[in-house]
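Count residues from 1 along the sequence.
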Amino acid sequence: MVTALFLALFMNDIWVLAGINSNLWLNLLLTPVMALFFIELCGLTLVDVTYLFSFFQLMDVIGTFSMVFDIPWMLGTDATKAETYSSSDNDAKRNLMLLRALRAAKIGARAGRLSRVLRFLRFLPFMGGNREETRRGIASLISGKLANLLGTRVACLTILLVMVVPISGADKKCAWKNPAATSSGQEHPLADTWAVFDIYTFPQEDLSQLTWVDRLSTNMADDPPRVNDTLDELRMMVDYYDELPFGPYEACTGRAGEDDFVCDVDDQRLSSLQMGFNAPPREASVVKVYTETFMVSFNMHEPAQREAGIGICTICFIIFLMVFSGLALSSVVTELAVRPLERMLEKVQEIATTVFKFSADVTEQDEDDALVIDDSNEMKLLEKVVEKLAIIAEMQAASAGRMPEKTEDMNAEDIGVLSMMHGANIVEEKEKAQRRMTVTKKKQAAPPTVRIEDLGVTLEVYSSWGFNTLRLSQEQRRRVTEFTIVRFHETGDGFFASQEDVLTLQRFLQAVEKEYLPVPFHSFAHAADVVHGVARLMRVTGSEHFLSELEQFSLLIAAVAHDIGHPGVNNGFLSEVGHELALEYNDRSPLENMHCAKLYKIVANPQADVFGKLTKEQRKEVRKHCIETILHTDMTMHTSMVKDLQMLYQMNMEVFSDESPDDAQAGPVAPAEIAVFGEAKTLVMEAFLHSADVSNPCRSWEVTQLWAWQCLEEFFSQGDQEKEKGIPVQFLNDRDKLNKPHSQIGFIEFMIAPLFAAQLRLWPRMHELGDNLGNNMANWKDMWVEQTSPGEEEKAKVVERVEKVRKSLEDSINRTPL
């Protein structure tokens, strides 16, 4: 492209300097150049957003399309054709000036491409391009960006200077004067008229030749022609041009055509006169000036060469000004900004080694996990350093606030010193910490050991995603829910360490069960199912590593109460009919707000207060967790939750990519993952409850199908009410129009699959849910085909949707890069 640019800038002037009377090589060389310019223009427009509608795009457009005025077979100058001027042509001066202005514009526009030469010249040894520091890293990137930015700014200013700022017309003042004006002492009126790009005006701009030809034509037009007077005038004209670098070499009589003059071959009256100039080697250097009956041909080869030479010098000056001014500025900025940045980043690399080693020691990671920093990008390295420092600071702060584990053997003085160092009473703080995390255990009889088999459920089924609360009796559901909550933690731990605690939970569950309404889906059977789902998710993901016992307990209680009092219709229906719940909660998650309120009305009764043994601080924390997680079961929160989970993975992709999928599915939770989940506890807890709430499509096929029929029946019941009240019937609620299997395919594809795909990347141990989801979607597809017998095209589309979902779930389980 640089070679093509120099050909476009210099080729025409070189052709004039060489006096070549041919167009062949100009056509062969400049046509591909224009094609290359056009391809580059289109390519940059498509791929560089900063280039679109920029100053340099405008210059490239002008520079590219102005090539048509340089290529002879288009609109360029024909080297084999002379210029002609007629005394009757009133637009001669205007056309000439237009051509000069066009030359200035096209050369100035093409000069914009010269800024790209900086990309090559900045690597020259004397410009510091061989420095070790600039060959890699962010400093090299910044240096390159600065060089390009400065180069383009300098190019922009230079182009504007060349194309807009007038140049003094001193060299234009009648170097060749109009003889008609000489007698009066006036200079030619065009001497100062135009000055934009050409430093040295082309001689025929004064058009003195027209005056001579008019005078000669007048003599020859008389009847009879005054030949002798004409010869005298010709001698005067020859003498006039004798000291000038251009002049006449031929004169003849004849007649003017449309575009040229035809000499009389038989007229020998003027042939004997010696004109003083010979015909130029290049036909385009000939200027023919004629009237209706007379023509003089002028040799303009030397002025044309002079203009071409000055044009080349001007372009070279522009190149020097743009390139070396840009490089000089770039070098200054590099020394002032880039070099200090390089030194700072070198120091970052030195510090990073220590930080990563210390982080590995503090977090008890293997030193093999320490980052190899020699070839790392400095900004990524800096980001990791900050991340590590944050983890270290958090851990150090936690350890600083943590009470000594062994104070029993310390005397009062030792404890006093530690208290002074920590600024707190260690004994008192330790007691508070114990009260926060565990309930004070009184010497009471431990609750009797209950096995799940005693409740009519096998342990194998209970410990699987094939567990189905719809098949249980009312008593079994309540007892299984009680078993799940009490036995989630080991016996003697957790919050149900005595028979009294278990009795309180039983009363709580009885009160909750009474508040659930006998609707098809959102019944107490659903609550028991969600409790089981939350417990399973916490078990499978190893939540004990990043959730405290209190947080796990909060989730289980929130699961029991998350749909208390659900009337079997959604929030949209309540708002549409102006239900009192919608009015009470201003249409903002009225059902979920009602569930929270009912939960705390139940625990307000001391007999059913499962939070009764908690401290004040613990009660506040549990209340916060219950409210947040229950409110986020509102389906309007679904999309934002999916995005948040995806963002959690993306922001910590490096942490999760360090662990192979097989290890992630089978092994313990990695320390780095624990840190990530610990920082996003609220999101994790909300995701667990919401996922369990909508996990029916992820269960075994029998369980999934039964819950789907219950859910659709509740939708249809709402649809019947919508029809009765004359309000718009939501499509999923119209029992007369909805195809059940097909509705489940869409529900999984658009709602459930994205949620679990996002979680599977975080917790591949949930892979069984992903497998079930893909299989169930395929089963719904088979049922849909069997019921509707769709056409091959429609069937193929649904099959493609199913496979796409299965593929996305598999990629998530395997943590395939996005």
Tell me whether [X] contacts the main-chain N or O of [Y] through its side chain, where contact means a donor paired with an acceptor under 3.5 Å.
X: Ser523; Y: Pro520; value: no
X: Thr633; Y: Ile630; value: yes
X: Asn571; Y: Leu591; value: yes
X: His742; Y: Trp784; value: no
X: Asn586; Y: Arg588; value: no
X: Glu673; Y: Phe656; value: no
X: Asn593; Y: Ser589; value: yes
X: Asn652; Y: Val655; value: no
X: Thr629; Y: Cys626; value: yes
X: Ser743; Y: Lys740; value: yes

Check [X] against [Y] and note the closest heavy-atom contact, atom names and distance.
X: Asn570; Y: Gln718; result: N-OE1, 3.0 Å
X: Ala559; Y: Leu689; result: CA-CD1, 3.7 Å
X: Met685; Y: Leu555; result: O-CD2, 3.5 Å
X: Asp693; Y: Val530; result: CA-CG2, 3.9 Å
X: Leu773; Y: Pro697; result: CD1-O, 3.6 Å
X: Val560; Y: Ala527; result: O-CB, 3.6 Å

When you look at Lys723 and Asp736, which way does the salt bridge (Lys or Arg N to Asp or Glu O under 4.0 Å) test go after all the steps?
CA-CA 12 Å; Lys723 293 176 183 178; Asp736 299 322; 3.0 Å; yes

For [X], what residues pass the ring pair (Phe, Tyr, Trp, His ring centres under 6.0 Å) criterion, not counting sequence neighbours?
X: His532; answer: Tyr462, Phe467
X: Phe546; answer: Phe677
X: His562; answer: His526
X: Tyr516; answer: Phe524

Roughly how far apart are [X] [atom1] and [Y] [atom2], rounded to 0.5 Å?
X: Met594; Y: Asp563; atom1: CE; atom2: CG; result: 8.5 Å
X: Leu762; Y: Ser812; atom1: CG; atom2: OG; result: 9.5 Å
X: His632; Y: Asp644; atom1: NE2; atom2: CG; result: 7.5 Å
X: Thr481; Y: Leu455; atom1: OG1; atom2: CG; result: 10.0 Å
X: Leu648; Y: Gln759; atom1: CG; atom2: CD; result: 10.5 Å

Under 4.5 Å between any side-chain heavy atoms of [X] and [Y], yes or no?
X: His625; Y: Glu621; result: yes
X: Arg761; Y: Met653; result: no
X: Leu755; Y: Leu645; result: yes
X: Phe495; Y: Val610; result: no
X: Pro741; Y: Gln787; result: yes
X: Asp501; Y: Val486; result: no

Ring center gap for Tyr649 and Trp763 short of 6.0 angstrom
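Aromatic pair excluded; centres sit 6.0 Å or further apart.
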
Kindly state whether the ring of Phe496 and the ring of Phe488 have centres lying under 6.0 angstrom apart.
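No, the ring of Phe496 stays outside the 6.0 Å limit from the ring of Phe488, centre to centre.
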
Under the ring pair (Phe, Tyr, Trp, His ring centres under 6.0 Å) test against Trp707, which residue among Trp465, Trp701, Phe521 passes?
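It is Phe521; the other options fail the test.
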
[X] and [Y]: side chain donor to acceptor below 3.5 Å:
X: Glu453; Y: Thr458; answer: no
X: His638; Y: His690; answer: yes
X: His522; Y: Glu714; answer: yes

Tell me, please, which residues at least two apart from [X] pass salt bridge (Lys or Arg N to Asp or Glu O under 4.0 Å).
X: Lys681; answer: Glu551
X: Arg471; answer: Glu702
X: Lys807; answer: Asp811
X: Glu475; answer: Arg478

Step by step, work out the side-chain hydrogen bond (donor to acceptor under 3.5 Å, both in side chains) result for Thr816 and Asn814.
CA-CA 5 Å; Thr816 302; Asn814 296 324; 4.8 Å; no

Pairwise side chain to side chain donor-acceptor pair (under 3.5 Å) hits with a residue in residues 774-783, at least two apart
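Found Thr704-Asn776, Asn775-Arg806.
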
Can you pull the salt bridge (Lys or Arg N to Asp or Glu O under 4.0 Å) pairs that have at least one residue in residues 516-544, sequence neighbours excluded?
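Matches after skipping sequence neighbours: Asp529-Arg699.
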
With a sphere of 6.0 Å drawn around CD of Gln510, does it hold more than 12 non-hydrogen atoms of other residues, nucleotides or ligands?
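Atom CD in Gln510 is crowded, with more than 12 foreign heavy atoms closer than 6.0 Å.
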
Could you walk me through whether Ile557 and Val622 pass side-chain contact (heavy atoms from CB on, under 4.5 Å), step by step?
CA-CA 9 Å; Ile557 298 301; Val622 169; 5.9 Å; no

Just do the side-chain contact (heavy atoms from CB on, under 4.5 Å) check on Val805 and Glu749 with the steps written out, would you?
CA-CA 7 Å; Val805 170; Glu749 179 181 9; 3.9 Å; yes

Do any side-chain atoms of residues 597-606 form donor-acceptor pairs under 3.5 angstrom with protein atoms, and if so which ones, sequence neighbours left out?
{"unit_1": "Lys598", "atom_1": "NZ", "unit_2": "Glu515", "atom_2": "OE1", "d": "3.3"}
{"unit_1": "Tyr600", "atom_1": "OH", "unit_2": "Arg623", "atom_2": "N", "d": "3.4"}
{"unit_1": "Asn605", "atom_1": "OD1", "unit_2": "Gln607", "atom_2": "N", "d": "3.1"}

Stepwise, does the salt bridge (Lys or Arg N to Asp or Glu O under 4.0 Å) test hold for Glu513 with Arg477?
CA-CA 10 Å; Glu513 184 182 17; Arg477 291 168 191 156; over 6 Å; no

Who are the side-chain contact (heavy atoms from CB on, under 4.5 Å) partners of Glu576, not counting sequence neighbours?
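Applying side-chain contact (heavy atoms from CB on, under 4.5 Å) to Glu576 gives Ile727, Pro728.
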
Salt bridge present between Arg619 and Asp609 (N-O < 4.0 angstrom):
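So Arg619 pairs with Asp609 through a salt bridge.
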
